[in-house]
Structures are given as C-alpha cells and as structure tokens.
Amino acid sequence: QVQLVESGGGLVQAGGSLRLSCAASGFTFSNYNNGWFRQAPGKEREFVAAITWSGPRTYYANSVKGRFTISRDNAKNTVYLQMNNLAFEDTAVYYCAAGLKTADWYSNYYSRDVYDYWGQGTQVTVSS
C-alpha cells in the first residue's frame, strides 16, 4: 500500500539542526513531486518546502528560507528536509506529502489540496 514514512524528528535546542527523512513506497515515485508541511498546536497545517522530481526545482516558505533545505534521492525514493538554525517557532509536527506532477501542482505547490498522499508526521520540538 501507499506509504510515506517520516523520521528524524526530535528535541533540539534553539540554534541546532535536524534532518528529516521521508521514505516513499507503494506508488510510482517518479510521477510525483513532494512537499513538507508542518502543524503547530492550535494552528493550521502550513507549507514549508517543496521539490520537483526532476531538475529539481525547490520552493520555500519565507519563514524557513535560508535555514531549511529540501532535497531528494530518487534512487532511494526518499525526500529530505535539512533544518538549520532552528527556532522555538519551528516547533511542530512535520508532514511529508506527494502530489502528482500536474499543472495544478506547479501553480499551487504550497497548497495542501494538490497533494495526494501524506505521511503520519514526525514531531520536532525546539527548546528556547
């Protein structure tokens, strides 16, 4: 069955780093682009970063630009999110997602609506 499994979350001090991984299986990875979203307590799930399957091209939310880097290893069906200089405000559950390579995705990569598959999430907690 379709699976997106995130790992790498944890507790880190402000200014520290974490690297999240998202391993995909059960679907044709090459037909999809990927994104990372996050959801803090009491808030809506928000866009963090996205990456195309080929190129690749990357996109970032303003709040993480310059601190986070999204990448992928297509041979391993895995997407990564390197998070540096973490701040308390980055505390959230981080979700990996996969969306079909459609015109709608390229126009709206920041929207939850263009993603078809989601992982279960991994908790990132930044202590101040």
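Note that this is a predicted model, so its numbers are computed, not measured.
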Visitor: Does anything in residues 58-93 pair up under disulfide (SG to SG under 2.5 Å), and if so which pairs, sequence neighbours excluded?
Guide: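 Applying disulfide (SG to SG under 2.5 Å) to every pair that reaches into residues 58-93, excluding sequence neighbours, yields nothing.
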Visitor: Other residues, nucleotides and ligands only: do more than 12 of their heavy atoms fall within 6.0 Å of NZ on Lys76?
Guide: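 Open: at most 12 neighbouring heavy atoms sit under 6.0 Å from NZ of Lys76.
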Visitor: What distance do Lys101 atom NZ and Ser30 atom OG have between them, rounded to the nearest 0.5 Å?
Guide: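 Between atom NZ of Lys101 and atom OG of Ser30 there are 6.0 Å.
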Visitor: How long is the span from the CE atom in Met83 to the CZ atom in Arg19, to the nearest 0.5 Å?
Guide: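 Those atoms lie 11.5 Å apart.
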Visitor: Are any of the side-chain heavy atoms of Thr52 and Trp105 separated by less than 4.5 Å?
Guide: yes
Visitor: Who passes side-chain hydrogen bond (donor to acceptor under 3.5 Å, both in side chains) against Trp118, sequence neighbours left out?
Guide: none
Visitor: Can you name the side-chain hydrogen bond (donor to acceptor under 3.5 Å, both in side chains) partners of Ser17, sequence neighbours left out?
Guide: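 Per chain and number, Ser17 pairs via side-chain hydrogen bond (donor to acceptor under 3.5 Å, both in side chains) with Asn84.
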Visitor: With Gln123, which residues qualify under side-chain contact (heavy atoms from CB on, under 4.5 Å), at least two apart?
Guide: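 Residues passing side-chain contact (heavy atoms from CB on, under 4.5 Å) with Gln123: Thr91, Val93, Thr125.
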Visitor: Can you list, pair by pair, the side-chain donor-acceptor contacts under 3.5 Å of residues 53-64, counting residues two or more places apart and other chains?
Guide:
unit_1: Trp53; atom_1: NE1; unit_2: Asn74; atom_2: OD1; d: 3.3
unit_1: Tyr60; atom_1: OH; unit_2: Ile70; atom_2: N; d: 2.9
unit_1: Asn62; atom_1: OD1; unit_2: Lys65; atom_2: NZ; d: 3.3

Visitor: Listing request: all salt bridge (charged side-chain N to carboxylate O under 4.0 Å, His left out) pairs with a residue in residues 103-118, at least two apart in sequence or in separate chains.
Guide: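 Residue pairs passing salt bridge (charged side-chain N to carboxylate O under 4.0 Å, His left out), neighbours aside: none found.
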Visitor: Scan for disulfide (SG to SG under 2.5 Å) pairs involving residues 99-128, sequence neighbours excluded, and state none if there are none.
Guide: none
Visitor: Taking Tyr115 for its side chain and Tyr109 for its backbone only, find out whether a donor-acceptor pair lies under 3.5 Å.
Guide: yes
Visitor: Is there a continuous path of hydrophobic side-chain contacts, each under 4.5 Å between heavy atoms, that joins Phe37 to Ile51?
Guide: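 Unlinked, Phe37 and Ile51 end up in two clusters.
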Visitor: Taking all atoms of both residues into account, what is the closest heavy-atom pair of Ser128 and Ala14, and its distance?
Guide: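 Result for this residue pair: CA-CB, 4.3 Å.
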Visitor: Using a 3.5 Å distance criterion without hydrogens, assess whether the side chain of Asn85 forms a donor-acceptor pair with backbone atoms of Gly15.
Guide: no
Visitor: Gln39 and Lys43: which non-hydrogen atoms are nearest, and at how many Å?
Guide: NE2-O, 3.1 Å
Visitor: Quick one: list whatever passes side-chain contact (heavy atoms from CB on, under 4.5 Å) with Ala23, sequence neighbours left out.
Guide: Thr78
Visitor: Give me each pair satisfying ring-ring contact (aromatic ring centres under 6.0 Å, His included) with a member in residues 66-101, each pair once, sequence neighbours excluded.
Guide: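 Pairs touching residues 66-101 that pass the test: none.
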Visitor: Enumerate the salt bridge (charged side-chain N to carboxylate O under 4.0 Å, His left out) contacts for residues 22-42, please, sequence neighbours excluded, ordered by first and then second residue.
Guide: Arg38-Glu46, Arg38-Asp90
Visitor: Please verify the inter-ring angle class for Tyr32 with Tyr117; under 30° counts as parallel, over 60° as perpendicular, anything in between as tilted.
Guide: tilted
Visitor: So, using side-chain hydrogen bond (donor to acceptor under 3.5 Å, both in side chains) as the criterion, who are the partners of Asn31 when residues are at least two apart?
Guide: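 Partners of Asn31 by the side-chain hydrogen bond (donor to acceptor under 3.5 Å, both in side chains) criterion come out as none, since no residue qualifies.
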Visitor: Starting at OG1 of Thr69, measure out to CG of Leu81 and round the result to the nearest 0.5 Å.
Guide: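 If we round to the nearest 0.5 Å, Thr69:OG1 and Leu81:CG are 8.0 Å apart.
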Visitor: After noting the C-alpha distance and the side-chain angles of Phe29 and Asn34, does the key distance pass the side-chain contact (heavy atoms from CB on, under 4.5 Å) rule?
Guide: CA-CA 9 Å; Phe29 194 61; Asn34 292 91; 3.7 Å; yes
Visitor: Using atom types as modelled, flag every donor-acceptor pair under 3.5 Å from a side chain in residues 5-13 to any protein atom, sequence neighbours excluded.
Guide:
unit_1: Glu6; atom_1: OE1; unit_2: Gln120; atom_2: N; d: 3.1
unit_1: Glu6; atom_1: OE1; unit_2: Gln120; atom_2: NE2; d: 3.4
unit_1: Glu6; atom_1: OE1; unit_2: Gly121; atom_2: N; d: 2.9
unit_1: Glu6; atom_1: OE2; unit_2: Cys96; atom_2: N; d: 2.8
unit_1: Glu6; atom_1: OE2; unit_2: Gly121; atom_2: N; d: 3.3

Visitor: Might you work through the side-chain contact (heavy atoms from CB on, under 4.5 Å) test for Leu4 and Phe27, ending with a clear yes or no?
Guide: CA-CA 10 Å; Leu4 290 171; Phe27 62 99; 3.9 Å; yes
Visitor: Would you say Leu18 and Val48 are hydrophobically clustered, going by side-chain heavy atoms of ILVMFWY under 4.5 Å?
Guide: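 The answer is yes; both residues are in one hydrophobic cluster.
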Visitor: Which atom names give the shortest non-hydrogen contact between Ala92 and Ala40, and what distance separates them?
Guide: CB-N, 3.8 Å
